[in-house]
Amino acid sequence: MHVIEGGPADEVGIRDGDRIVGVGGQSTVQLGAEKAADMLRGEAGSAVRIEVQSRETRRSIQVTRRRVDVPSVEHVQILDRQNGVGYFHLTNFQKTTGRDVNEALWTLHRQGMRSLIIDLRGNPGGLLPASVNVADKFLASGLIVSTRGRSAGEDADFTAHSPGTWDTPLYVLIDGDSASASEILAGAIHDHRRGIVIGQRSYGKGSVQGIFRLNHDIGIRLTTAKFFSPSGQAISGVGIQPDVAVGVGRRS
């Protein structure tokens, strides 16, 4: 689906949309996805040979494994210098996302940003606090998201705070693969009319999940609550409807 910029796969020429059809001389059809993924992992510095099918060709590539830090913000740039249109792709929500977004905003500000496009296409979500943190950068007040569960302990309201708010005109891109935490951000922007949400209806994964360990190597994942946008709309199974519906695919 997506090649991490600057990672080992990127460096050997693997591109978004390529298919891994073989690992270590074995077909991924025979291995299955889980076994193939296990074979791709290994010690840093070791190598694995994979077969890659692109649109035109099939090729065998040796990739040297190493630790990969998945960036949460990519492609920070001014798309239109005359009008100061800034852009970045938010790939996921993790512990470093708030800091990464801050760096991107100040970089674009120094380059003359007068409006901003946040690309959430293909963003599967991540950490709830990270999405609240990013939404808080663009909302001066009001509800960002609510969680409601079977017990009162699962109920929470997350609100915006005025200090540090950016008032830059905002456009948010979503598609059917924008899920969970990315829907929290898009929903907050949409419901507060803080910006224009463009694209396709989002995935509709509006659930709070936790992993509860049963012993040292086994756990279960349980849904404990659901997300609700500021307007009170449940996100689960519904998603976020864009203000402007267009067929925007994932960036290549």
Side-chain angles (χ1 to χ4, degrees), residues 72-73 83-94 97-102 104-106 108-109 113-149 154-208 225-246 248:
S72 58
V73 178
N83 295 299
V85 181
Y87 169 94
F88 61 78
H89 183 205
L90 194 51
T91 63
N92 64 85
F93 291 87
Q94 56 191 20
T97 298
R99 181 197 66 197
D100 295 343
V101 169
N102 267 341
L105 288 170
W106 283 108
L108 293 171
H109 175 73
M113 174 181 67
R114 298 203 298 274
S115 63
L116 174 64
I117 299 170
I118 299 179
D119 192 345
L120 295 175
R121 291 175 294 173
N123 185 321
L127 301 178
L128 168 63
S131 65
V132 170
N133 181 291
V134 174
D136 195 12
K137 298 180 191 304
F138 301 100
L139 297 171
S141 62
L143 186 64
I144 294 174
V145 67
S146 298
T147 63
R148 295 291 182 265
E154 299 293 341
D155 296 348
D157 295 324
F158 299 87
T159 57
H161 306 86
S162 181
T165 302
W166 292 74
D167 61 1
T168 309
L170 192 61
Y171 304 87
V172 178
L173 305 183
I174 61 173
D175 65 6
D177 293 324
S178 304
S180 191
S182 62
E183 294 175 286
I184 291 174
L185 174 57
I189 298 301
H190 175 273
D191 286 4
H192 285 286
R193 300 186 182 276
R194 171 59 182 84
I196 298 175
V197 179
I198 302 169
Q200 302 163 332
R201 183 173 68 88
S202 63
Y203 185 87
K205 183 187 179 298
S207 57
V208 181
K226 290 187 176 182
F227 295 133
F228 292 82
S229 72
S231 65
Q233 173 66 56
I235 295 174
S236 184
V238 178
I240 302 301
Q241 291 287 352
D243 297 300
V244 180
V246 295
V248 289

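Worth knowing before you read on, the calculation uses all heavy atoms, side chains too, and leaves out hydrogens, waters and symmetry mates. Along the sequence shown, residues carry numbers from 1.
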What are the two closest heavy atoms between [X] and [Y], and how far apart are they?
X	Y	result
Ile144	Ala188	O-CB, 3.7 Å
Gln200	Gly176	OE1-N, 3.8 Å
Phe88	Leu108	CD2-CD1, 4.1 Å
Tyr171	Ser115	CE1-CB, 4.3 Å
Val238	Arg201	O-NH1, 2.7 Å
Ser202	Ile240	OG-N, 2.6 Å

Let me see the working for Thr165 and Lys137 under side-chain contact (heavy atoms from CB on, under 4.5 Å), right down to the final yes or no.
CA-CA 5 Å; Thr165 302; Lys137 298 180 191 304; over 6 Å; no

Would you indicate whether Phe227, at its atom CZ, is surrounded by more than 12 heavy atoms from other residues, nucleotides or ligands within a distance under 6.0 Å?
yes

Pick from Met113, His109, Arg114: which one makes a side chain to side chain contact (heavy atoms under 4.5 Å, CB included) with Thr168?
Met113

Report the distance from atom [atom1] of [X] to atom [atom2] of [Y], rounding to the nearest 0.5 Å.
X	Y	atom1	atom2	result
Leu120	Asn92	CG	CG	11.0 Å
Leu173	Ile117	CG	CD1	6.0 Å
Asp191	Leu143	CG	CG	9.0 Å
Arg121	Thr91	CZ	OG1	13.5 Å
Ser178	Asp119	OG	CG	8.0 Å
Thr97	Arg99	OG1	CZ	9.0 Å

side-chain contact (heavy atoms from CB on, under 4.5 Å) evaluation trace for Phe138 with Leu170:
CA-CA 9 Å; Phe138 301 100; Leu170 192 61; 4.0 Å; yes

Would you check if the side chain of [X] reaches a backbone N or O of [Y] as a donor-acceptor pair within less than 3.5 Å?
X	Y	answer
Glu183	Lys205	yes
Asn133	Gly98	no
Asn123	Asp177	no

Val197 side chain reached by Val244 side chain, heavy atoms, under 4.5 Å
no

Do Ile198 and Val172 have side-chain heavy atoms sitting under 4.5 Å apart?
no

Between Asp157 and Arg148, does any NZ, NE, NH1 or NH2 come within less than 4.0 Å of an OD or OE carboxylate oxygen?
yes

Among residues at least two apart in sequence or on other chains, which ones pass side-chain contact (heavy atoms from CB on, under 4.5 Å) with Ser141?
none

Only counting residues at least two apart or in another chain, list the ones meeting side-chain contact (heavy atoms from CB on, under 4.5 Å) with Ser236.
Lys226

Verdict with reasoning, Leu185 to Val132, per side-chain contact (heavy atoms from CB on, under 4.5 Å):
CA-CA 7 Å; Leu185 174 57; Val132 170; over 6 Å; no

Val145 vs Leu128, test: side-chain contact (heavy atoms from CB on, under 4.5 Å). Steps then yes/no.
CA-CA 9 Å; Val145 67; Leu128 168 63; 4.1 Å; yes

